[in-house]
**Q** 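Before we start, here is the structure in question, set down as structure tokens.
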Amino acid sequence: MPPSSARADRLAAAVHACAGAVQRRLFSSWWRELLLIGVLYGAYEVSRGIGDVDVDTAFANGRHIMHLEQVWHLDPERVLNDALHHVTLLAVVAAYFYSLMHYLVTPAVLIWLYRKHRDVYGTARTALALSTGLGLIGYLFVPTAPPRMLGNSGLRDILADTQAYGWWGDEGSVPRGLGGLTNQFAAMPSLHVGWAVWCGALIAMRARARWVRVLGVTYPVVTTVVVMATGNHYFLDAVAGALVIGAGGLLTLAVPERFRSVPMGPERTVIDGISREQLERARAAVDDRPIDSWPTSARIADHEPEFCDARR
């Protein structure tokens, strides 16, 4: 039987190991990213309701946008809204799409990137966060009444018309009775469209299956149609949402690498950007080569740039 001091040492080592495992789990990269996503969504919801909105300015901005669209013949909202109003089933589907999809698809894409495309996740996540921040600034400084709130717009409030089929009322997509907790004048820019463009672009560029890439291209298009057809956004709101995402992507280039990168994970990567599978394939390829095919010092000197590039 081991002495009491040895048993105490073993117990202390076991406790230390368990504590280390708990610490690694709690402060692992994916927990930090999950917290960041929660903060991002929280800021989106809370900031939409912060500040005293000048109602007269919000309605004036909405009427000005509608006037510009009519002058430029960029006002498909009325045609889409009228078509949706006459087909109840489509109206209900559109209402659910507007209320749910940006809350489901965006985090799903973030999780997919984190698990399968960690090399671009940090940059993509940072671009999304910066773009959302720009959108919230737009809500605070350019309050805009959506088309559904303009009495002379001729547009129906589709969510209000279909409230019997869902949890929402006549104050947007929030649950009935909670309209006072959110900003009803957060139309410009449309982050519904902005987030959809972000999701669609990444899916189209990174998905392997062709049908998934097609869905990626389709998603922002459908989102743009839905936000206009339901009377919640102008066409120019959708354009502004896409531009905000582009601006966020450009601003990301100025963010230091350490703030927009995430650990690749020891179980998946041994060198940043190079997976363990890629390393094993490269090692197998080298091991299979005959000795006489290895480059001599003279051949290395002749092809030094190639070997330097390969080593980098």
Side-chain angles (χ1 to χ4, degrees), residues 44-72 74-88 90-103 135-196 223-241 244:
Y44 170 70
E45 289 298 336
V46 173
S47 299
R48 282 163 53 98
I50 288 180
D52 296 327
V53 177
D54 187 334
V55 176
D56 292 336
T57 299
F59 276 94
N61 288 338
R63 287 191 291 268
H64 183 61
I65 292 175
M66 180 163 286
H67 174 70
L68 286 178
E69 290 188 350
Q70 291 172 350
V71 171
W72 296 342
L74 294 173
D75 55 340
E77 299 95 337
R78 186 173 289 102
V79 174
L80 294 171
N81 183 264
D82 186 65
L84 201 60
H85 171 64
H86 287 91
V87 184
T88 302
L90 285 181
V92 173
V93 171
Y96 273 100
F97 189 101
Y98 179 81
S99 303
L100 286 176
M101 292 302 285
H102 66 300
Y103 289 123
L136 298 181
I137 292 173
Y139 295 158
L140 294 176
F141 291 97
V142 190
T144 304
R148 61 182 172 82
M149 298 183 71
L150 299 183
N152 60 346
S153 67
L155 274 71
R156 304 276 306 188
D157 187 343
I158 296 299
L159 268 73
D161 290 346
T162 59
Q163 59 183 298
Y165 300 92
W167 59 83
W168 53 84
D170 55 358
E171 295 177 305
S173 60
V174 295
R176 295 185 190 91
L178 299 181
L181 300 179
T182 187
N183 181 9
Q184 297 294 309
F185 303 105
M188 171 65 77
S190 171
L191 283 183
H192 275 76
V193 173
W195 287 0
T223 300
T224 302
V225 172
V226 166
V227 300
M228 292 189 297
T230 54
N232 284 283
H233 288 283
Y234 307 92
F235 175 74
L236 291 181
D237 293 345
V239 173
V244 160

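The chain is numbered in sequence order, starting from 1.
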**Q** Not counting sequence neighbours, list each pair that qualifies as a salt bridge (Lys or Arg N to Asp or Glu O under 4.0 Å) and has a residue in residues 186-196.
**A** none
**Q** Once side chain to side chain contact (heavy atoms under 4.5 Å, CB included) is applied, do any residues pair with V225, and if so which ones, sequence neighbours excluded?
**A** L80
**Q** Verify side-chain contact (heavy atoms from CB on, under 4.5 Å) between Y165 and T88, making sure each step is shown before the conclusion.
**A** CA-CA 10 Å; Y165 300 92; T88 302; 3.9 Å; yes
**Q** Look at the side chain of W168 and the backbone N and O of A160, then say whether any donor-acceptor pair between them is shorter than 3.5 Å.
**A** no
**Q** Measure from the side-chain N and O atoms of E69 to the backbone N and O of Y234, and report whether any donor-acceptor pair falls under 3.5 Å.
**A** no
**Q** Ignoring hydrogens, what is the shortest heavy-atom contact between P189 and G138? Give both atom names and the distance.
**A** CD-CA, 4.3 Å
**Q** Are V193 and L191 packed together at the side-chain level, in the sense that at least one heavy-atom pair is separated by less than 4.5 angstrom?
**A** no
**Q** Looking at side-chain heavy atoms only, is the closest gap between N232 and P147 below 4.5 Å?
**A** no
**Q** Taking all non-hydrogen atoms of both residues, which atom of T224 and which atom of A238 are closest, and how far apart?
**A** CG2-CB, 3.8 Å
**Q** Rounded to the nearest 0.5 Å, how far does CD1 of I65 lie from NE2 of H67?
**A** 12.5 Å
**Q** Do the ring planes of H192 and Y98 sit parallel (below 30°), tilted (30 to 60°) or perpendicular (above 60°)?
**A** parallel
**Q** Could I get the full list of ring-ring contact (aromatic ring centres under 6.0 Å, His included) partners for F97, not counting sequence neighbours?
**A** none
**Q** Applying side chain to side chain contact (heavy atoms under 4.5 Å, CB included), can you list everything that pairs with V239, at least two apart in sequence or on another chain?
**A** F235, L243
**Q** With a 4.5 Å cut-off on side-chain heavy atoms, are I158 and H85 touching?
**A** yes
**Q** Are any non-hydrogen side-chain atoms of L155 and L150 less than 4.5 angstrom apart?
**A** no
**Q** Within the structure provided, determine whether V142 and N61 are in side-chain contact (heavy-atom separation under 4.5 Å).
**A** yes
**Q** Applying salt bridge (Lys or Arg N to Asp or Glu O under 4.0 Å), which residue pairs with at least one partner in residues 139-159 are found, sequence neighbours left out?
**A** R148-D157, R156-D161
**Q** Which atoms form the tightest heavy-atom contact between A229 and L84, and what is the distance?
**A** CB-CD2, 3.7 Å
**Q** Is the backbone N or O of M228 less than 3.5 Å from a side-chain atom of H233, with the two atoms forming a donor-acceptor pair by type?
**A** no
**Q** Residues two or more places apart in sequence or in another chain: which of them pass side chain to side chain contact (heavy atoms under 4.5 Å, CB included) with I137?
**A** F141
**Q** Can you find a pair of side-chain heavy atoms, one from Y139 and one from F185, that are under 4.5 Å apart?
**A** no
**Q** Report yes or no: does D54 contribute a side-chain atom to a donor-acceptor pair with the main-chain N or O of D56 at less than 3.5 Å?
**A** yes
**Q** Does a side-chain heavy-atom distance below 4.5 Å link W72 with L236?
**A** yes
**Q** Is the shortest side-chain heavy-atom distance between N81 and T230 below 4.5 Å?
**A** no
